[in-house]
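The block underneath contains the structure these notes are about, expressed in structure tokens.
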Amino acid sequence: MATEMLTVTEAKAIILEHAKFLPPVNMALSRAAGMVLAEDVYASINIPAYAQSSMDGYAFSFTDLIAGKPLRIEGVIAAGSNETGVLSPGKAIRIFTGAPVPVGADTVVMQEKTKVEGESLYIEDGNMQQGLNVRTKGSEIKAGDLAVAQESLLMPAAIGFLAGIGVTEVLVYPNPSVSIIVTGNELQTPGQPLQPGQIYESNSYSLQAALKQLHITDVKVFHAEDTLDKVRQVIHDALQKTDVIFLTGGVSVGDYDFVAAAAKENGVEKIFHKIKQKPGKPFYFGKKENKLVFGLPGNPASVLTCFYEYVEPALRQMVKQKKGLKMMKVPLEETFNKTAGINNFLKGFYDGKAATPLHAQESYRLSSFANANCLIKIEEVATVCGKGEIVEIHLLPI
Ligand code: AMP
Ligand code: MG
């Protein structure tokens with residue numbers, strides 16, 4: 001019933017209405033990379049906590065600098081030194097990068113710009129200024145100042161910055177746990193010999209890899225035979241254990257397609273079933289309380305296309321990430337003929353100038369998808385999309 005089918009735009013919007021974030025949790029900083037902060041984090045101390053030399057050289061008081069007159073070198077301070085000595089007037093002290101600048105000194109000259117004769121230090125830096133080569137206390141951040149704001153994505157530098165101000169734990173939006181339920185009596189596990197009529201099961205592999213790129217690693221894989229009973233039972237199990245459920249296969253109209261019925265018998269509310277798109281027309285989306293159920297078509301290319309176009313944006317919204325697949329408008333390299341009323345997602349290659357649809361667009365094939373770097377979106381209305389026409393592409397994550 002074509003009239004019931006949603007457009008791609010409608011389906012995307014509906015899914016996002018239902019994708020709610022999970023309650024924030026405390027997470028060890030070392031495990032929080034890629035997550036979004038659920039609180040403002042403030043510095044509890046001044047960083048640096050003491051005035052530090054930023055060079056290997058000599059520390060001294062700028063007011064002691066008189067042209068042509070040497071300073072007298074007395075002592076050494078290395079990084080990690082806890083000496084709190086006072087430098088007396090007219091003296092300089094050997095100092096190394098990261099070491100505390102003693103009281104009485106306010107400036108460091110780098111060793112390359114000095115001449116040392118015995119204990120006399122001649123400063124040969126024409127650009128000497130008070131405070132040069134000294135990182136003052138609190139110059140990175142002051143105690144009480146905002147370090148990283150709520151809703152920030154914890155990229156590697158943010159993790160390092162927070163560690164550098166002494167933070168060990170942060171409140172973040174947790175990643176959802178995911179069940180992948182593969183259905184199909186024909187499926188054989190890679191590594192086992194293929195019996196007549198069998199194919200290797202690949203969807204759980206591509207999906208786990210795609211989830212890994214989103215830092216989602218709490219993933220359970222279930223196998224269900226093609227009976228209503230088995231599919232119902234496995235969905236029941238998955239609903240107990242995880243926040244998000246993917247099913248692959250069994251979502252179409254064949255005699256062995258039990259996903260929609262089995263989901264219903266588990267109290268999953270069908271939000272929609274089928275989208276005007278190719279590949280991935282039989283895509284199913286349902287919900288039970290806050291648990292999302294994605295019925296992905298079984299064909300491997302449909303599974304991944306639906307993942308990138310619909311599931312990934314939902315998962316990102318659940319963890320409050322703003323960044324999704326990068327979208328660009330670029331010229332199409334080759335004419336593509338299509339059926340009107342269907343949105344196509346083509347496996348494509350974008351070379352920096354234009355996007356080329358790859359060979360092997362059939363949904364059972366992954367050979368060209370394996371070399372694609374984008375999906376090319378060809379709108380529902382068109383019957384032909386000519387070479388040079390501007391199309392929307394979605395860059396696949398690297
Ligand atoms: P279905 O929607 O169950 O009719 O499956 C559609 C196509 O996808 C069939 O050719 C299946 O054999 C294939 N398929 C289903 N599940 C998988 C899987 N996990 N890995 C690889 N191919 C699959
Ligand atoms: Mg099947």
Side-chain angles (χ1 to χ4, degrees), residues 1 4-6 11 178-213 216 219-235 237-238 242 244-266 268 270 272-286 293-312 342 344-345 347 360-372 375:
M1 285 177 281
E4 284 179 14
M5 265 196 274
L6 296 179
V178 176
S179 288
I180 301 172
I181 303 173
V182 294
T183 71
N185 293 347
E186 72 281 26
L187 303 179
Q188 175 60 290
T189 304
Q192 302 296 317
L194 269 190
Q195 303 301 331
Q198 290 187 327
I199 64 157
Y200 282 125
E201 193 284 297
S202 65
N203 290 337
S204 70
Y205 292 80
S206 55
L207 285 172
Q208 278 180 278
L211 287 169
K212 207 167 168 192
Q213 285 191 313
I216 296 177
V219 181
K220 294 183 171 52
V221 178
F222 298 87
H223 293 254
E225 282 163 35
D226 286 324
T227 67
L228 180 58
D229 248 17
K230 276 281 167 352
V231 180
R232 179 181 44 219
Q233 209 180 315
V234 177
I235 294 178
D237 217 14
T242 50
V244 177
I245 292 152
F246 305 162
L247 291 115
T248 84
V251 76
S252 197
V253 294
D255 290 352
Y256 297 93
D257 293 335
F258 297 114
V259 164
K264 190 174 175 188
E265 291 190 11
N266 273 296
V268 177
K270 180 182 88 176
F272 66 75
H273 194 175
K274 295 189 186 163
I275 305 176
K276 288 183 207 167
Q277 64 175 4
K278 190 177 175 186
K281 184 171 112 183
F283 185 67
Y284 165 99
F285 175 58
V293 180
F294 296 98
L296 305 166
N299 278 306
S302 309
V303 163
L304 267 191
T305 304
C306 289
F307 179 87
Y308 287 126
E309 292 296 328
Y310 303 98
V311 182
E312 156 143 355
I342 296 281
N344 291 71
F345 290 109
K347 296 142 261 299
Q361 291 292 336
E362 298 92 331
S363 57
Y364 76 97
R365 304 180 67 179
L366 280 182
S367 55
S368 66
F369 211 150
N371 295 305
L375 292 171

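Whatever order the structure lists ligands and atoms in, that order sets their numbers, starting from 1. Values below: all heavy atoms of this structure, side chains included; hydrogens, waters and symmetry mates excluded.
Rounded to the nearest 0.5 Å, atoms CG (L211) and CD1 (I180) are 5.5 Å apart. Distance check: Y364 OH to S302 OG gives 12.5 Å after rounding to the nearest 0.5 Å.
Comparing V303, N203, I180 by heavy-atom distance to atom 16 (N) of ligand 1, the nearest is N203.
Using modelled atom types, no side-chain atom of Y310 and backbone atom of F283 make a donor-acceptor pair closer than 3.5 Å. For the pair Q277 (side chain) and G280 (backbone), a donor-acceptor distance under 3.5 Å is present. At least one donor-acceptor pair under 3.5 Å links the side chain of Q198 to the backbone N or O of Q195.
Close contacts of ligand 1 with E186, meaning ligand atoms under 4.0 Å from a residue heavy atom, involve 11 (C), 12 (O). The atoms of ligand 1 that sit less than 4.0 Å from any heavy atom of T248 are 16 (N), 19 (N). Atoms of ligand 1 found under 4.0 Å from any heavy atom of G250 (numbered from 1 in listed order, with element): 1 (P), 2 (O), 3 (O). Residue-ligand proximity, T183 to ligand 1, at heavy-atom distances under 4.0 Å covers atoms 16 (N). Close contacts between ligand 1 and I199 involve ligand atoms 12 (O), 21 (C), 22 (N), 23 (C) [criterion: under 4.0 Å to a heavy atom]. Residue-ligand proximity, E201 to ligand 1, at heavy-atom distances under 4.0 Å covers atoms 18 (C), 19 (N), 20 (N).
Below 30°, between 30° and 60°, or above 60°: for Y308 and F369 the angle between ring planes is between 30° and 60°, a tilted geometry. F285 and F272 have tilted rings, their planes meeting at an angle from 30° to 60° on a 0 to 90° scale.
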Counting only pairs under 3.5 Å, give me each side-chain donor-acceptor contact of residues 221-228, with atom names and distances, residues two or more places apart or in other chains.
unit_1, atom_1, unit_2, atom_2, d
D226, OD1, G184, N, 3.3
D226, OD2, N185, N, 3.0
T227, OG1, K230, N, 3.0

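At least one heavy atom of S202 sits closer than 4.0 Å to an atom of ligand 1. Look at Y200 and you'll find a heavy atom under 4.0 Å from some atom of ligand 1.
Some N or O of N299 is nearer than 3.5 Å to an N or O of ligand 1, by distance alone. Between S204 and ligand 1, not a single N/O pair is under 3.5 Å apart. Below 3.5 Å of separation, one finds an N or O of G298 facing an N or O of ligand 1.
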Practice problem: Apply side chain to side chain contact (heavy atoms under 4.5 Å, CB included) to L304 and K347, showing your working. | Solution: CA-CA 11 Å; L304 267 191; K347 296 142 261 299; over 6 Å; no

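From the protein, the heavy atom lying nearest to atom 4 (O) of ligand 1 is D257 OD1, 4.1 Å.
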